[in-house]
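Note sheet for the following structure.
These numbers come from the heavy atoms of this one structure, side chains and all, not from hydrogens, waters or symmetry mates. It should be emphasised that the depicted structure is a prediction, and the values quoted were computed from it without experimental measurement. Atoms within each ligand, like the ligands themselves, are counted from 1 in listed order.
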Amino acid sequence: MAAGTGVFAEILDGDEVYKYYHDGEWKKAASGKSVAIVNPTTRKTQYRVQACSQEEVNKVMESAKSAQKAWAKTPLWKRAELLHKAAAILKEHKFPIAECLVKEIAKPAKDAVTEVVRSGDLVSYTAEEGVRILGEGKFLVSDSFPGNERTKYCLTSKIPLGVVLAIPPFNYPVNLAVSKIGPALIAGNSLVLKPPTQGAVSCLHMVHCFHLAGFPKGLINCVTGKGSEIGDFLTMHPGVNCISFTGGDTGIAISKKAGMIPLQMELGGKDACIVLEDADLDLVAANIIKGGFSYSGQRCTAIKVVLAMESVADSLVEKVKARVAKLRIGPPEDDCDITPVVTESSANFIEGLVMDAKEKGATFCQEYKREGNLIWPLLLDNVRPDMRIAWEEPFGPVLPVIRINSVEEGIHHCNASNFGLQGCVFTKDINKAMLISDAMETGTVQINSAPARGPDHFPFQGLKDSGIGSQGITNSINMMIKVKTTVINLPSPSYTMG
Ligand code: G3H
């Protein structure tokens with residue numbers, strides 16, 4: 001079955017524009033306006049989505065608010081049951097959804113299918129975790145605090161926040177949407193989803209799987225449109241009780257403008273890979289390829305700078321070069337390793353970083369080559385701190401190597417970054433690895449492996465400009481609730497068996 005056909009036919013208006021989802025129905029924007037989604041490979045319009053107005057956003061917010069009231073009274077086991085159903089439907093329709101990922105974000109075909117399957121698993125795990133942790137509260141007694149008798153019993157429980165605004169990024173429009181939707185729903189919240197333009201159609205297909213699972217009307221809503229028209233309006237909307245955002249600098253602007261509501265932000269990184277003299281260089285090279293070049297480097301957790309000890313740098317660079325030469329470059333449909341980057345402006349930005357490094361004397365391990373949005377993988381050796389590529393994230397298949405003379409120099413470079421998402425260190429000495437991990441100012445340090453968010457139940461968090469709060473299934477559920485307490489006051493102290 002192809003995207004937009006079979007069970008997905010109702011999300012498409014004729015054969016032209018995909019509809020938005022409000023109050024359990026697929027709708028067209030009243031203005032008749034739409035937004036084009038350009039295929040990164042063909043650079044032609046692939047899909048169109050509705051350009052929703054602020055008025056339509058207001059209506060969506062109203063529906064989300066009223067649906068949440070009833071959902072909060074829906075038994076936890078029932079919420080979990082519906083999530084399991086949605087997960088199964090999502091996995092059943094992995095191919096049409098993966099087709100959208102290939103066409104609108106140029107994700108390699110196999111990785112696109114993996115993203116959908118991973119998302120189904122994430123939703124099921126969330127349902128199970130929610131049943132376990134949301135069914136538990138705390139019971140405290142007052143006589144543990146100085147000056148108190150045992151006259152107060154305090155009962156705590158976890159209650160929903162209300163309406164969660166979920167904004168996923170282009171690189172995982174399905175997986176990083178369900179990582180917000182699942183926790184929000186199991187915790188009793190309703191959802192307004194604003195997909196990225198590039199990735200919107202994949203998101204709409206995913207939302208239809210939740211529709212088919214039979215969630216109540218208005219509980220999940222998905223608006224599409226121009227960020228310039230509805231972006232600020234959504235993030236500053238008084239009806240929003242929590243924002244979960246993954247993306248770039250926009251997140252910093254959102255954090256400054258948002259009201260007094262919980263924020264979960266994941267905003268990119270400049271993940272460093274520190275390589276010590278005793279590292280297994282074949283293992284390092286394999287991880288640099290996986291960490292630096294998978295999905296053409298368009299991952300917040302990609303290795304974005306290699307900090308190699310001078311004594312092993314020559315040998316490491318040779319090993320990485322040999323592996324780069326084996327990467328398959330071309331269209332995502334052919335499941336190539338390196339595919340076109342998401343937009344022409346991204347390709348231009350990457351090219352700017354490459355040219356800056358060239359002017360400043362970096363060593364090009366391959367010739368720089370670009371056709372349209374397709375950029376050939378490039379390893380830049382002898383990068384120095386005065387080059388932009390030493391600090392900025394290319395979000396493309398270009399990886400700088402900085403040679404270091406001491407571990408301290410590597411840690412210093414890592415910590416001087418304004419990002420602090422993940423990092424990795426390669427050494428056979430676990431004691432050194434632990435010391436380096438503790439010294440690195442990042443949310444996670446991987447020892448002897450490339451950075452990665454998954455498995456999806458692991459905590460995932462960034463320091464500094466890399467984010468606010470921690471994700472991962474358990475942490476996201478806990479972030480999307482508040483604690484409510486009821487205190488029973490007794491007329492006289494009561495001691496069990498007393
Ligand atoms: O792009 C940001 C994602 O959170 C990275 O996820 O490590 O699974 O590729 P990943």
Assess Q471 for proximity to ligand 1: is some non-hydrogen atom of it under 4.0 Å away? no
So, are K304 and E393 salt-bridged, with charged N and O less than 4.0 Å apart? yes
Please list, chain by chain and in numerical order, all residues satisfying ring pair (Phe, Tyr, Trp, His ring centres under 6.0 Å) with H413, sequence neighbours excluded. W391
F210 six-ring face occupied by K85 cation (under 6.0 Å, within 45°): no
Counting from 1 in the order shown, the ligand 1 atoms closer than 4.0 Å to a non-hydrogen atom of R118 are 8 (O)
Quick one: ring pair (Phe, Tyr, Trp, His ring centres under 6.0 Å) partners of F460, sequence neighbours excluded? none
Sub-4.0 Å atoms of ligand 1 with respect to non-hydrogen atoms of R299: 1 (O), 7 (O), 9 (O), 10 (P)
C300, any N or O under 3.5 Å of ligand 1 N or O: yes
Does Y295 approach ligand 1 within less than 4.0 angstrom via side chain, backbone, both or neither, non-hydrogen atoms only? neither
Could you tell me, atom by atom, which parts of ligand 1 come under 4.0 Å of a heavy atom of F460? 4 (O)
Under 4.0 Å from a heavy atom of N171: give me the atoms of ligand 1 that qualify, with their elements. 1 (O), 2 (C)
Top protein contact for atom 9 (O) of ligand 1, by heavy-atom distance: Y172 OH, 2.4 Å
Going by the atom numbers of ligand 1, which of them fall below 4.0 Å from some non-hydrogen atom of E266? 2 (C), 4 (O)
Could you walk me through whether E115 and R118 pass the salt bridge (charged side-chain N to carboxylate O under 4.0 Å, His left out) check? CA-CA 5 Å; E115 174 170 348; R118 171 183 180 182; over 6 Å; no
Using a strict cut-off of less than 4.0 Å between a Lys/Arg side-chain nitrogen and an Asp/Glu carboxylate oxygen, indicate whether D335 and K110 qualify as a salt bridge. yes
CD/Q198 to OG1/T343 distance, rounded to the nearest 0.5 angstrom? 7.0 Å
Decide whether an N or O pair under 3.5 Å exists between Q298 and ligand 1. no
If the cut-off is 4.0 Å to any non-hydrogen atom of T301, which atoms of ligand 1 fall inside it? 5 (C), 6 (O), 7 (O), 9 (O), 10 (P)
Which protein non-hydrogen atom lies closest to atom 6 (O) of ligand 1, naming both residue and atom, and how far is it? R453 NE, 3.0 Å
Residues K326 and D337 bridged, charged N to O under 4.0 Å: no
Mode of E115 contact toward ligand 1 - side chain, backbone, both, neither (heavy atoms, under 4.0 Å): neither
Decide yes or no on salt bridge (charged side-chain N to carboxylate O under 4.0 Å, His left out) for K103 and E99, but give the supporting numbers first. CA-CA 6 Å; K103 288 185 176 160; E99 178 195 321; 3.1 Å; yes
